[in-house]
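This report concerns only the one structure given below.
From a predicted model like this one, the values you see are computed outputs, not experimental measurements.
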Amino acid sequence: MVKLRKGKIMKIGVIGPESSCNSVKESLQQIDSELEVSCYIRERVSHCGEVVEACEGECDAILFTGCAVEDFVTGSYEIKKPYTSVERSSVSVAGAFLKMQKQDMELDAFSIDVVENQVITDLLDAVQILARNIYSCSMQPGVDEQEYVDWHIRLQEEGKTNVALTSFVWVYNTLVEQGYQAIYLRGTRETVRRALERLKSKYALTQAEYSRIAVEVLKLTNYECHVENYYASMIEKAEMEKEIVRYVQSIQGTIFPFGKREYVVFSNAGVIENVQNYGRIQKLQQTVKKTGIELDVGIGMGLTVYKAEMNARKALEQSVRRKKQELFLVDEKDVLLGPLDTERQLRYELISSDPKIREIAAKTGLSEHSVLKVIAIAQARKSFIFDAHELAECLEVTVRSARRIMNKIMDSGYGKLHAKEMAVSGGRPKALIEILFQ
């Protein structure tokens with residue numbers, strides 16, 4: 001069963017011609033009776049883009065009735081929800097062969113569109129049919145359905161084929177209406193099941209992406225509340241905060257003031273980590289700048305709130321240092337990205353050529369990267385005092401490993417015992433060490 005969090009059933013939107021949509025919907029409900037399925041019907045492939053916006057707004061995922069519909073729509077529209085299409089497999093073609101046999105048609109004189117040549121040749125080999133007059137036209141993005149109609153008709157009128165096998169409902173209906181032999185290649189329950197599995201996988205990946213935590217730290221780098229203009233400064237800040245609140249609402253985030261000049265915004269990675277949001281932040285920065293205040297922003301990702309906030313502060317530090325109000329992001333693997341939303345976006349590890357860092361790494365046995373992480377997190381939290389649990393989370397190691405690292409740091413002279421904290425419930429006292437990396 002395909003379910004969202006809190007037990008909500010995933011809603012699938014099916015896009016395509018009416019008969020195909022109804023067939024796919026029936027198969028989906030036979031596979032899983034609890035699925036919620038809605039059909040968005042357009043008879044012509046070239047018209048299917050008209051229902052995409054409504055489908056995305058109402059459904060969790062999109063299933064196109066065929067690859068032709070998918071290719072056309074995705075070639076013209078940016079689909080934000082997970083999607084896939086129902087393929088036409090050898091089973092679909094075999095079903096057409098059965099119909100041809102029932103109508104006493106020869107199996108070696110037909111035209112077929114959209115289905116890949118390999119599928120056709122494998123099936124012909126399996127049923128031992130020689131390809132005497134078999135014409136195949138695989139999927140060609142951007143080609144109008146009328147061109148497929150003309151192609152099938154020309155072959156029949158020239159006596160080269162007896163019947164047209166088509167994956168287009170509109171092509172099939174048009175051929176039949178004009179008196180030509182045609183068979184519609186339907187998606188089977190097997191191909192619908194495979195499409196549903198692909199859709200489930202894509203949806204699961206999307207949900208995983210949206211479960212990552214994102215934090216933005218917004219800092220007013222040049223704001224001062226002057227005593228002689230106290231009320232004017234307060235009004236100016238209130239106007240600026242209105243703009244920040246509007247931005248936070250647009251990303252469905254939560255905001256917390258941090259002191260007089262910082263705001264911490266919590267959201268999820270799926271909303272924050274995209275070009276559209278970078279544009280929103282830059283627009284916010286420009287609006288705030290009109291009040292005479294500069295707003296720097298750092299973005300951090302992580303699997304915990306603590307990790308995401310620490311990464312956001314590292315990104316903010318990079319932005320403040322450059323004094324250009326550029327956007328930087330540090331992801332959950334401590335990779336720094338930026339400046340964001342520019343043609344010259346950089347991607348690099350947090351590294352240092354400082355000989356002091358190399359010396360600390362050599363003496364403590366830590367990597368230079370780990371030394372830099374400890375320093376960056378300590379600076380962000382404004383304290384170089386750690387216990388084993390905090391250091392373990394910082395370095396993403398076990399608490400046992402963190403205790404060994406703490407001992408190495410102290411043995412090398414880069415740490416000292418700050419205090420021992422007794423737990424309220426008693427037991428072994430917790431050692432707090434001050435790390436002397438600076």
Practice problem: Would you please test Lys307 and Asp334 for salt bridge (charged side-chain N to carboxylate O under 4.0 Å, His left out) and show each step? | Solution: CA-CA 10 Å; Lys307 176 71 172 176; Asp334 292 305; 3.2 Å; yes

Quiz item: side chain to side chain contact (heavy atoms under 4.5 Å, CB included) with Leu185: which of Val91, Val115, Thr166?
Solution: Val115

Would you call [X] and [Y] a salt bridge, taking side-chain N to carboxylate O under 4.0 Å as the test?
{"X": "Glu239", "Y": "Lys242", "answer": "yes"}
{"X": "Glu56", "Y": "Lys80", "answer": "no"}
{"X": "Lys200", "Y": "Glu197", "answer": "yes"}
{"X": "Glu243", "Y": "Arg246", "answer": "yes"}
{"X": "Arg44", "Y": "Asp144", "answer": "yes"}

Quiz item: Any idea how Tyr148 and Phe168 line up, ring-wise: parallel (<30°), tilted (30 to 60°), or perpendicular (>60°)?
Solution: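 Because their plane-to-plane angle lies in the 30° to 60° range, the rings of Tyr148 and Phe168 count as tilted.
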
Quiz prompt | Over-ring placement of Lys363 relative to Tyr414, 6.0 Å and 45° cut-offs | solution = no

Quiz item: Does the cation-pi check pass for Arg313 over Phe258, that is, NZ or CZ under 6.0 Å from the six-membered ring centre and within 45° of its axis?
Solution: yes

Donor-acceptor pair, side chain of [X] and main chain of [Y], under 3.5 angstrom:
{"X": "Ser76", "Y": "Val73", "value": "no"}
{"X": "Thr74", "Y": "Glu70", "value": "yes"}
{"X": "Asp113", "Y": "Cys137", "value": "no"}
{"X": "Arg189", "Y": "Gly187", "value": "no"}

Quiz item: Can you list every salt bridge (Lys or Arg N to Asp or Glu O under 4.0 Å) pair that touches residues 280-292, not counting sequence neighbours?
Solution: none

Self-check item: Among Arg186, Arg193, Arg194, the one residue meeting salt bridge (charged side-chain N to carboxylate O under 4.0 Å, His left out) with Glu190
Solution: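 Result for salt bridge (charged side-chain N to carboxylate O under 4.0 Å, His left out) with Glu190: Arg194.
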
Quiz item: Does the ring centre of Phe110 sit less than 6.0 Å away from the ring centre of Phe97?
Solution: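 Between Phe97 and Phe110, the centre distance is under 6.0 Å.
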
Exercise. Verify ring-ring contact (aromatic ring centres under 6.0 Å, His included) between Phe256 and Tyr263, making sure each step is shown before the conclusion.
Key: CA-CA 6 Å; Phe256 296 94; Tyr263 305 87; over 10 Å; no

Practice problem: Step through the shown structure and confirm whether more than 12 heavy atoms of other residues, nucleotides or ligands are within 6.0 Å of NZ on Lys81. | Solution: yes

